[in-house]
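Model, not experiment: these values are computed from the prediction. The analysis underlying the following values was restricted to heavy atoms, covering all of them including side chains, and did not include hydrogens, waters or symmetry mates.
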Amino acid sequence: MIAPLNDFPSEFERQTNLAFGPGGLLARSKTFEYRPQQQTMASAVARACHDRTHLIVEAGTGVGKSLAYLVPAVFHALADNRKALVSTHTINLQEQLFHKDIPLVQKLIPTEFKAVLLKGRHNYLCPRRLERAMGHGGELFASREQEELKRIWEWSHRTRDGTLSDLDPAPDPLVWAQVCSEPHVCTQRTCGLGPECFYQRARKEADTAKILVLNHSLFFNFLAGAEGELAERGYLFHNDFVIFDEAHTLEAVAARHLGIEVSHGNLRYLLHRLFHPRTQKGIVAALRNGEAMKLVLEAEEETDLFFDKLERSLDFKRGKELRLREPGVALNSLDLPLARLYRNLADAARDLEDDVFKAEVQEAARRVEDARVALGQFIGQTRADHVYWVEKYEKRDTRLTLTAAPVDVAPQLRQLLFRSDNTAIMTSATLSVGDGLRYFVNRIGGEEAATLQVDSPFDYARQMRVFIPRKMPEPTARDTYENALAHWIRHFVSMTQGKAFVLFTSYQTMQKLAEALASFFRSEKITCLVQGGALPRHRMLQRFKEDRDSVLFGTDSFWQGVDVPGEALSNVILTRLPFAVPDHPLTQAKCERIVAAGGDAFREFSLPEALLKFRQGVGRLIRTQQDKGIVVILDNRVLTKPYGKAFLAVLPKCPVEIVE
């Protein structure tokens with residue numbers, strides 16, 4: 001725990017504390033509202049920055065945690081000439097920080113400072129690559145793709161930031177892949193002269209900025225060495241410090257970036273970029289290298305054979321993920337074709353005089369070699385403490401994806417993030433599961449970090465009410481459970497005339513209930529938006545906000561990171577306690593490790609994970625001090641099972657009504 005916050009061991013901490021007090025710096029804003037919880041958090045952030053230590057903060061919804069870390073971060077960055085990295089999980093929070101919170105701080109603080117929003121490389125156009133693609137379009141692209149290339153060329157002359165978000169409609173991925181920024185191709189040396197490179201400009205701006213906003217995936221891309229070497233003192237830049245908002249997602253993002261992933265679709269995509277058999281276009285067509293074309297075609301043929309044979313040899317009857325417990329799931333027949341292709345491309349690159357094209361071919365060779373190495377590591381299961389599985393997709397070109405992930409990321413994060421004389425600050429509204437922050441701290445290796453919990457200032461007793469039907473069948477009684485779900489969803493949606501999120505843990509159950517309730521919604525003139533349909537997630541959310549009497553049926557991604565303040569969302573219905581699927585390979589491996597150490601996997605992993613997601617789901621309802629509404633729990637295990645008390649205990653203090 002952190003030390004008492006009334007002694008202010010540094011002038012910087014005292015300055016921060018005063019800034020958040022009544023009549024302080026922030027009070028100059030018309031929207032300021034004094035919140036002691038925000039002041040406490042800001043002082044703790046100031047202390048961690050000043051002492052170059054680590055801090056983990058759970059700050060309830062409404063605390064105003066963005067300003068609580070931004071203001072001391074700016075004070076410290078300016079005073080000590082450090083760079084503050086602010087990493088989020090969702091685009092929504094990135095945009096809020098960059099377009100609302102940071103401009104407010106810039107107005108309040110007398111000293112000017114620059115803030116930059118940094119996106120992943122693939123979002124930026126590289127004008128040098130575009131120029132080269134235009135000059136060799138006939139070799140790289142079919143006629144339809146050349147039209148797309150022309151559209152990008154015309155857009156390049158009017159865009160300001162040169163990123164995908166500014167190009168509508170989104171470009172053909174195969175064409176964009178040939179003109180966007182890529183490591184080793186778009187570099188300061190190659191793109192420092194001539195047409196201004198949008199990515200290199202963004203990097204230069206990042207170098208001179210005091211606040212850099214990015215996302216967790218991009219942070220770990222940098223940290224894992226995809227974009228550069230680890231800073232000697234700092235993380236991505238010399239003498240920087242990092243603040244992770246939405247830190248409850250950090251473990252999952254880190255596991256994905258620190259593991260292995262090889263898919264049938266991605267390998268075919270890589271080979272088609274080199275040479276597409278239908279269009280006869282691609283990088284090696286531009287090379288005019290007949291041997292390379294032959295090797296690409298051989299590699300593609302062997303890729304299809306390898307994955308087809310692998311798919312036929314595996315039994316997916318129990319689900320779409322199949323865990324592999326022993327190495328050697330298949331003969332690595334791709335190793336030699338990919339090795340030959342890599343050597344051919346590497347040799348061809350050495351003879352090229354065009355620096356830009358040379359870099360293109362070298363990068364293509366590097367990607368082929370990376371895929372070969374990753375596939376070998378997966379088949380040989382050479383990474384210790386990883387779990388390996390194959391995932392099957394029915395409706396995607398990917399078909400099979402081979403994945404390996406570390407069972408426990410804590411040892412790696414302990415070394416990468418929680419290093420001495422550095423500062424990593426992590427915060428979220430939901431980190432605790434009734435044991436302080438111990439569960440989260442252990443998962444991410446933050447045992448040496450100070451911890452702090454500050455409650456929400458919201459009046460939940462006035463703003464929220466929870467309903468739990470007592471006679472709900474258990475989810476294992478599928479037919480009677482689904483019939484009861486339909487009955488109670490009708491009942492509680494009628495109570496609020498729509499304005500409801502109905503959150504599921506099963507896509508199949510969600511689809512069944514959407515069909516079963518379709519006539520009811522039509523008769524009540526309520527629009528029902530169902531995840532997985534024609535509308536993408538962000539468009540669904542926008543429709544829900546605009547249509548005040550609508551209902552949204554969602555699964556995993558709608559339990560967290562979704563912000564709908566106001567009357568539009570007055571009802572959150574949780575159809576089931578969100579326990580993770582017990583047979584997912586990563587879940588299995590985590591539980592096995594706990595049992596092997598003599599622990600209780602349910603108490604030490606399954607229950608805490610479900611509690612965190614449950615808190616996230618409940619947290620969708622009350623987003624401002626004016627919000628009011630109901631939460632409905634359609635899983636009576638909260639009443640009948642011993643562990644049910646743990647779920648009730650993490651609810652905000654508000655009225656709970658048992659419906660007979």
Side-chain angles (χ1 to χ4, degrees), residues 1-6 8 10 12-29 31-51 53-79 82 84-90 92-94 96-98 100-109 113 115 210-213 241-248 250 423-432 437 440 449-458 563 619 623-625:
M1 294 295 292
I2 64 167
L5 290 170
N6 54 7
F8 305 128
S10 72
F12 166 50
E13 190 178 332
R14 190 184 73 84
Q15 175 194 21
T16 301
N17 193 72
L18 289 173
F20 284 85
L25 181 72
L26 270 73
R28 297 175 191 171
S29 169
T31 59
F32 176 73
E33 189 176 286
Y34 172 63
R35 283 166 279 190
Q37 300 94 334
Q38 186 183 50
Q39 187 180 38
T40 298
M41 177 177 171
S43 295
V45 171
R47 180 171 298 180
C49 290
H50 177 268
D51 295 345
T53 54
H54 308 293
L55 173 68
I56 298 170
V57 185
E58 180 181 71
T61 308
V63 165
K65 63 182 185 303
S66 298
L67 289 178
Y69 60 68
L70 276 176
V71 171
V74 171
F75 282 163
H76 182 60
L78 291 170
R82 296 179 78 185
L85 312 178
V86 181
S87 180
T88 77
H89 185 63
T90 61
N92 285 344
L93 182 54
Q94 274 192 346
Q96 177 196 309
L97 286 168
F98 197 71
K100 179 185 173 187
D101 297 330
I102 290 174
L104 174 61
V105 177
Q106 286 173 323
K107 288 179 183 177
L108 294 174
I109 291 179
F113 67 91
K210 286 299 176 188
I211 303 291
L212 183 60
V213 181
F241 60 102
V242 62
I243 300 166
F244 294 102
D245 203 337
E246 301 177 308
H248 58 278
L250 209 57
T423 303
I425 295 165
M426 301 181 180
T427 186
S428 170
T430 50
L431 296 178
S432 66
L437 299 179
F440 176 77
T451 60
L452 173 69
Q453 289 177 269
V454 288
D455 293 333
S456 169
F458 292 157
D563 194 14
R623 308 303 296 174
T624 73
Q625 291 189 330

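Between K65 and the choices V45, L70, V57, T427, the side chain to side chain contact (heavy atoms under 4.5 Å, CB included) rule is met once, by T427.
Interatomic distance, CG of L108 versus CZ of R28, reported as 7.5 Å (0.5 Å rounding). In this structure, L78 CG and I211 CD1 are separated by 8.0 Å, a value rounded to the nearest 0.5 Å. A distance of 13.0 Å separates OG1 in T40 from CD in Q453, rounded to the nearest 0.5 Å. Of the inter-residue distances, the one linking L97 atom CG with D245 atom CG reads 6.5 Å to the nearest 0.5 angstrom. Annotation: the span from L85 atom CG to I243 atom CD1 amounts to 8.5 Å, rounded to 0.5 Å. Atom CG of residue N17 and atom CD of residue E13 lie 7.5 Å apart, to the nearest 0.5 angstrom.
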### Step-by-step side-chain hydrogen bond (donor to acceptor under 3.5 Å, both in side chains) determination, Q96 to D101
CA-CA 6 Å; Q96 177 196 309; D101 297 330; 2.8 Å; yes

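In this structure, L250 and S87 have side chains that are not in contact, with every pair of non-hydrogen atoms separated by 4.5 Å or more. Contact check for T423 versus H76: no side-chain heavy atoms found under the 4.5 Å cut-off. No side-chain heavy atom of D563 sits less than 4.5 Å from a side-chain heavy atom of N92. Using a 4.5 Å heavy-atom cutoff, the side chains of V213 and I102 are in contact. Residues T451 and F440 have side chains not in contact (no heavy-atom distance under 4.5 Å, counting atoms from C-beta outward). Side-chain contact between S66 and L93: present, with at least one pair of heavy atoms (C-beta onward) separated by less than 4.5 Å. The shortest distance between side-chain heavy atoms of F20 and R35 does not fall below 4.5 Å. Residues V74 and K210 fail the side-chain proximity criterion, which asks for heavy atoms closer than 4.5 Å.
Nearest heavy-atom pair, Q38 versus E33, reported as atom, atom and distance to 0.1 Å: OE1-O, 4.5 Å. Closest non-hydrogen pair, P72 versus A68, comes out as CG-O, 3.1 Å. Residues T430 and H248 approach most closely at O-CB, 3.5 Å, considering heavy atoms. Nearest heavy-atom pair across R82 and C49 is NH1-O, 3.5 Å. Between G62 and P457 the shortest heavy-atom distance is O-CG, 3.3 Å. Across every non-hydrogen atom of F113 and V105, the tightest pair is CZ-CG1, 4.0 Å.
Between the side chain of E58 and the backbone N or O of L431 there is at least one donor-acceptor pair closer than 3.5 Å.
In this structure, F12 and F75 have perpendicular ring planes: the angle between them is above 60°, well past the 30° mark.
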